[in-house]
Amino acid sequence: MCIEDLVQRLKDSEANLEENKLKTEYFANLSHELKTPLNIILGSMQLIELHMLNGRIQDSENILEKYINNMKQNALRLLRLINNIIDLTKIDANELYVEFHNYDIVDIVKNVAKSIESYARIKSVNINFYSQIESQVIACDADKIERILLNLLSNALKFTNENGNIDISIKKIAEKISICVEDDGIGIHKEKLKTVFKRFRKVDKSFTRNRQGSGIGLSIVKSLVELHNGTISAESEYGKGSRFIIQLPSIMLDEENNVNLYSKFQDGIIERVRVEFSDL
């Protein structure tokens, strides 16, 4: 065996050790992510039982609503995590598909931006939407585009401080549609940018306690963008904010009904936002 082969084997061995370490950390974190909402749900159920007398709930102080809301919120957190795990499994098996139809991409992005305003108000964060184009019909999967944007916006809200700003913009560059989600929050260290879309990676472990997450969301986002034959990139300066840029091909399908009415699809966005923003 030559020296070059030996050196390469050592490098491969070190890479495998690092990958195994990341997987171990991921599954340890995943266990915590699953147990936390389950414990809250079980605790809320026990508190409700304390208010039961002879099989009937006694709630003279109207505090049961708080327990029920806690249970709903944490059930949604579990649903979000399980959805992500299922999607990762489908991605690995090459079984995650997109259903292309013609939609007005400006309409989709604008509606998603509007749908999160109530969550932003709770954190006193400003949501700003800008578009250089009035409308642009492209072939895409509206559900997957929503998931991409909601994931990026959920992250932006987590890492943006009170009175901060999140800007969502869309424009056309040559034959591509560029969608940008930018915040003036905590930002990402330069050395972390290269791994931000890799599975099992978290932007910064020091934020874990205050900003929940399993470390798989952005890897799914990247896969969904690539299934649209697009690209996604991240730019950031630590302490000054982050910018995520999506580029999608501006192409249309030759459909009999040229443009699908997004209004028919968007009726369920409130529930989809509740799931995606359940860990805020």
Side-chain angles (χ1 to χ4, degrees), residues 79-116 129-156 167-182 196-199 216-234 243-277:
L79 179 60
R80 180 178 187 265
L81 184 56
I82 291 168
N83 285 342
N84 283 343
I85 293 171
I86 291 172
D87 284 344
L88 280 180
T89 304
K90 289 182 178 180
I91 289 168
D92 288 341
N94 292 319
E95 292 181 354
L96 184 63
Y97 305 110
V98 292
E99 186 175 342
F100 286 102
H101 293 289
N102 292 329
Y103 290 99
D104 185 342
I105 189 67
V106 178
D107 194 19
I108 295 176
V109 177
K110 184 190 299 183
N111 192 67
V112 171
K114 185 177 180 181
S115 70
I116 69 163
F129 173 76
Y130 307 98
S131 179
Q132 293 186 6
I133 47 179
E134 185 175 345
S135 66
Q136 182 66 52
V137 177
I138 67 169
C140 65
D141 184 323
D143 175 68
K144 301 300 190 296
I145 295 297
E146 272 191 0
R147 284 199 63 191
I148 291 166
L149 293 171
L150 289 175
N151 186 283
L152 294 178
L153 291 167
S154 173
N155 285 339
D167 295 336
I168 307 150
S169 60
I170 182 169
K171 59 184 177 181
K172 187 173 183 180
I173 304 175
E175 296 304 313
K176 294 185 180 295
I177 296 298
S178 177
I179 304 168
C180 179
V181 175
E182 182 174 5
V196 75
F197 293 111
K198 290 188 177 180
R199 196 178 302 181
I216 57 179
L218 286 177
S219 68
I220 293 175
V221 164
K222 184 174 186 290
S223 296
L224 292 177
V225 171
E226 291 175 346
L227 284 171
H228 281 79
N229 298 311
T231 61
I232 183 169
S233 59
R243 180 188 298 113
F244 288 85
I245 303 168
I246 302 164
Q247 289 197 325
L248 302 172
S250 179
I251 57 174
M252 291 177 58
L253 297 178
D254 185 17
E255 293 186 329
E256 186 175 337
N257 296 322
N258 197 25
V259 182
N260 279 266
L261 291 177
Y262 177 62
S263 57
K264 293 181 180 179
F265 175 82
Q266 69 186 54
D267 292 341
I269 192 171
I270 294 176
E271 189 63 25
R272 291 189 288 272
V273 171
R274 289 181 64 199
V275 172
E276 197 63 42
F277 282 60

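All values reported here derive from a predicted model rather than from experimental measurement.
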How many angstroms lie between [atom1] in [X] and [atom2] in [Y], if you round to the nearest 0.5 Å?
X      : Y      : atom1 : atom2 : value
Leu224 : Asp87  : CG    : CG    : 6.5 Å
Phe100 : Leu227 : CZ    : CG    : 7.5 Å
Asp92  : Lys90  : CG    : NZ    : 13.0 Å
Ile177 : His228 : CD1   : NE2   : 13.0 Å
Ile108 : Ile145 : CD1   : CD1   : 6.5 Å
Ile170 : Ile133 : CD1   : CD1   : 5.0 Å

Please name all residues satisfying side chain to side chain donor-acceptor pair (under 3.5 Å) with [X], sequence neighbours left out, ordered by chain then number.
X      : result
Lys222 : Glu226
Gln247 : none
Ser154 : none
Gln132 : none

Kindly indicate, with the supporting measurements, whether the criterion side chain to side chain contact (heavy atoms under 4.5 Å, CB included) is fulfilled by Arg80 and Asn151.
CA-CA 11 Å; Arg80 180 178 187 265; Asn151 186 283; 3.8 Å; yes
As a quick check of understanding, evaluate side chain to side chain contact (heavy atoms under 4.5 Å, CB included) for Leu152 and Ile232, giving each step before the final call.
CA-CA 11 Å; Leu152 294 178; Ile232 183 169; 4.3 Å; yes
How about Asn84 and Arg147: do any of their side-chain heavy atoms sit closer than 4.5 Å?
yes
Does the side chain of Leu153 come within less than 4.5 Å of Val112's, by heavy atoms?
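A side-chain contact under 4.5 Å exists here.
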Least distance between heavy atoms, [X] atom then [Y] atom:
X      : Y      : result
Ser131 : Val106 : OG-CG1, 3.8 Å
Val273 : Ser115 : CG2-OG, 3.5 Å
Asn229 : Pro249 : O-CD, 3.5 Å
Ala234 : Phe244 : CB-CE2, 3.6 Å
Leu253 : Ala139 : CG-CB, 3.7 Å

Atom NZ of Lys171: over 12 foreign heavy atoms under 6.0 Å:
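Not more than 12 within 6.0 Å, no.
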With distance as the sole test, does Asp104 use its side chain to make a donor-acceptor pair with the main-chain N or O of Gln136 at under 3.5 Å?
yes
Take Asp143 and Arg272, measure what side chain to side chain contact (heavy atoms under 4.5 Å, CB included) needs, and give me the verdict at the end.
CA-CA 9 Å; Asp143 175 68; Arg272 291 189 288 272; 3.9 Å; yes
What residues, two or more places apart in sequence or in another chain, satisfy side-chain contact (heavy atoms from CB on, under 4.5 Å) together with Glu134?
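Partners of Glu134 by the side-chain contact (heavy atoms from CB on, under 4.5 Å) criterion come out as none, since no residue qualifies.
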For Asp167, give me all partners under salt bridge (charged side-chain N to carboxylate O under 4.0 Å, His left out), at least two apart in sequence or on another chain.
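Salt bridge (charged side-chain N to carboxylate O under 4.0 Å, His left out) check on Asp167 returns nothing, list empty.
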In sequence, state the C-alpha distance, the side-chain angles, and the governing distance for Leu96 and Leu88, and then conclude on side chain to side chain contact (heavy atoms under 4.5 Å, CB included).
CA-CA 9 Å; Leu96 184 63; Leu88 280 180; over 6 Å; no
